[in-house]
Structures are given as C-alpha cells and as structure tokens.
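Keep in mind that what you see is a predicted model, and the values were worked out from it rather than measured. Basis for what follows: all heavy atoms, side chains included, without hydrogens, waters or symmetry-related copies. Counting starts at 1 for both ligands and their atoms, in listed order.
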Amino acid sequence: MSLKEVFEDRRSINFFDINKGVEDGLLKDIINLAVLAPSAFNLQPWEVIAVKSKEGKERLHKFAGQPKILEAPVTLIIVGNKTGYDESNPTWQDMLKLLGGDKDKLAGTQGMAFGLYGTSEENKLKFAESNAGLLAMSIMYAAKSFGVDSHAMSGMDFEGVRKEFELEENKTVVMLIALGHLDETKTLYPRSYRRGYDEIVKEV
Ligand SMILES: Cc1cc2nc3c(=O)[nH]c(=O)nc-3n(C[C@H](O)[C@H](O)[C@H](O)COP(=O)(O)O)c2cc1C
C-alpha cells in the first residue's frame, strides 16, 4: 500500500468486528513505526496506554461512553507530557551524544526548551498536545499500512480518564484511538467533505 493509498483509505471506523483482534506483535509493529513521528527537540513527550482487557475497556467506557471502546479489540489512550521538556526526559541523553558530550551546550538547549514550552500553562499544553497529536496521526496511518482500522475519539471526560488511569497531573489525555477491523456487515458513511487548498490556505 503506497502512502497515498494509506491516506485515501484510512477512515474512522464506527463499527468494529468484535471477533477480529489485533495481535500484540502487530500492535507493537504499529507503535514502533509510528514513533518515527517528529517531535520538538525530539523529546517525544508522549505515552500510550493500550486498553485491551474487558475490565479496562469498561473503566474507559465509563468516562467516554462510546460503544466502539467496548467493541474494538484495543483502544489507545494517547497521553501528552506537559513537562516533557524537563531534565528527567531520557531523550536528552541522546541529545548529549549528538552534542559531542558537551554538557554546557546541553544545558543551553534544555534552557531553550524550557523557555519555549515551560513558562506558561498554555505553552505546556501546546507542547504536550501538538507532539502527542502527531504521534496519534502517525499511529492511525501506521495502523492502516498494516491493514488495521482506527477511530480517533475526543468525546470523553478527559480529566476523568486521566484520574481513572492514575496519570500524574503533568500528564494530559489527548485523545483515544480505537484499533481493529471494520465489521464487514456494516457500511460506512461516504467520506465526508474536505475543505481544500482554496478554502484553507491564505498566501501571504
Ligand atoms: C481528535 C479527533 C476527535 C474525534 N472524536 C470523535 C469522537 O469522540 N467520536 C466519534 O465518533 N468520532 C470522533 N472523531 C472522528 C471524526 O468524526 C472523523 O475523523 C471525521 O468525521 C472524518 O471522517 P474520517 O476519519 O472517516 O475521514 C474524532 C476525530 C479526531 C481527529
């Protein structure tokens, strides 16, 4: 499947085949491909909770009452880290190597990241959500490339989900992505209208 076909064929699947799973190995392949997504300073301020068990799905469904969560074999909770720029992020160690082990340069870069993302709640949220949003999109395209369908959801009690899954206060739930396979007995709505270049681009 070409990348163009992946874009054209990906749809939000409302009806999951409850008898068709996504094996653990395949889920790993999807995530390990999707993490090639870009992120600010390559900080990858994200994490993912894969809700697979019946009990987990019921817990999630309480805060996001969409039947897809109970029907899809797995729903991912995409989590952004609002303080993922701080020194505890292990990816800084990789940056240190790129900087030839120069700790002063690393401290300068860390200071820059803090200045950009750490100085207001709004910037922290933008940092977490923009990066985790790119991961989310990458997951959906990666899934499609492996023949797995998806459905993004933000219709939920975000704070309720955060607390239910014991995420710290510096974490923010960005969206859910149900993964699985279309129930072939159901018909999807036709692809909905998209606003194109002439409507959304302002050239300056
Ligand atoms: C961030 C985000 C949140 C969404 N939230 C929901 C949701 O809560 N429930 C739902 O049924 N669909 C949800 N959708 C799916 C959209 O309705 C769908 O992507 C859109 O109608 C376009 O259809 P397509 O994905 O099949 O091209 C969401 C999509 C995105 C990207």
Side-chain angles (χ1 to χ4, degrees), residues 1-18 20 22 30-31 33-35 37-40 44-51 56-82 84 122 124-165 167 171-201:
M1 195 180 237
S2 71
L3 186 56
K4 184 169 177 285
E5 286 166 336
V6 168
F7 271 69
E8 287 169 346
D9 287 2
R10 183 215 56 81
R11 291 294 314 281
S12 295
I13 300 302
N14 250 319
F15 312 107
F16 285 89
D17 185 337
I18 54 171
K20 225 168 161 187
V22 176
I30 291 168
I31 298 295
L33 182 58
V35 294
S39 61
Q44 307 162 56
W46 52 53
E47 54 194 74
V48 177
I49 300 173
V51 180
K57 289 177 191 179
E58 280 163 3
R59 281 168 60 204
L60 183 57
H61 186 255
K62 270 195 293 176
F63 296 94
Q66 310 206 32
K68 297 180 267 294
I69 292 168
L70 300 176
E71 291 160 6
V74 54
T75 295
L76 307 177
I77 304 175
I78 308 295
V79 179
N81 183 346
K82 291 190 282 178
E122 186 189 359
K124 286 180 188 181
L125 200 56
K126 276 191 179 164
F127 170 71
E129 293 193 329
S130 59
N131 288 295
L134 289 173
L135 176 70
M137 191 69 255
S138 287
I139 290 172
M140 289 187 270
Y141 285 139
K144 192 71 212 176
S145 78
F146 283 108
V148 173
D149 294 310
S150 62
H151 198 128
M153 287 167 270
S154 58
M156 74 182 119
D157 169 357
F158 289 94
E159 194 55 7
V161 173
R162 184 185 71 77
K163 287 187 177 145
E164 178 67 23
F165 289 85
L167 293 159
K171 305 284 169 65
T172 182
V173 173
V174 176
M175 73 180 80
L176 309 175
I177 302 176
L179 293 175
H181 298 273
L182 174 66
D183 175 348
E184 299 289 351
T185 66
K186 301 275 170 48
T187 310
L188 285 183
Y189 296 116
R191 167 81 84 182
S192 50
Y193 163 72
R194 291 304 204 265
R195 298 163 65 220
Y197 186 96
D198 292 339
E199 287 172 273
I200 65 167
V201 178

Taking everything shown except Leu188 itself, do over 12 heavy atoms lie less than 6.0 Å from its CG? yes
Please say which of Thr187, Asp149, Asn14 ends up in a side chain to side chain contact (heavy atoms under 4.5 Å, CB included) with Leu182.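 Testing Leu182 for a side chain to side chain contact (heavy atoms under 4.5 Å, CB included) against Thr187, Asp149, Asn14 leaves exactly one candidate, Asp149.
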For the pair [X] and [Y], find out whether any cationic side-chain nitrogen is under 4.0 Å from an anionic carboxylate oxygen.
X: Lys126; Y: Glu122; answer: yes
X: Lys171; Y: Glu47; answer: yes
X: Asp9; Y: Lys144; answer: no
X: Arg162; Y: Glu159; answer: yes

Which heavy atom of the protein is the closest neighbour of [atom], given with residue, atom name and distance?
atom: atom 13 (C) of ligand 1; answer: Ala152 O, 3.1 Å
atom: atom 21 (O) of ligand 1; answer: Ser192 OG, 4.3 Å
atom: atom 3 (C) of ligand 1; answer: Ser154 OG, 3.1 Å

Judging by distance only, is a nitrogen or oxygen of Gly155 under 3.5 angstrom from one on ligand 1?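 Yes - when backbone and side-chain N and O of Gly155 are compared with those of ligand 1, one distance drops under 3.5 Å.
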Does Asn14, backbone or side chain, put an N or O under 3.5 Å from an N or O of ligand 1?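 It does not: no N or O of Asn14 is found under 3.5 Å from an N or O of ligand 1.
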Pick, from Met153, Met140, His151, Met137, the option with the minimum heavy-atom distance to atom 10 (C) of ligand 1. His151
Would you indicate which of Ser12, Pro67, Pro190 comes nearest to atom 24 (P) of ligand 1 when only heavy atoms are counted?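 Nearest option to atom 24 (P) of ligand 1, by heavy atoms: Ser12.
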Can you list the atoms of ligand 1 that are under 4.0 Å from a heavy atom of [X]?
X: Lys68; answer: 10 (C), 11 (O)
X: Arg194; answer: 22 (C), 24 (P), 27 (O)
X: Arg11; answer: 24 (P), 26 (O), 27 (O)
X: Gln66; answer: 7 (C), 8 (O), 9 (N), 10 (C), 11 (O)
X: Arg191; answer: 24 (P), 27 (O)

For Leu179 and Ser150 the tightest heavy-atom approach is CD2-CB, 3.7 Å
Quick one: do Lys4 and Glu8 satisfy salt bridge (charged side-chain N to carboxylate O under 4.0 Å, His left out)? Show the steps, please. CA-CA 6 Å; Lys4 184 169 177 285; Glu8 287 169 346; 2.8 Å; yes
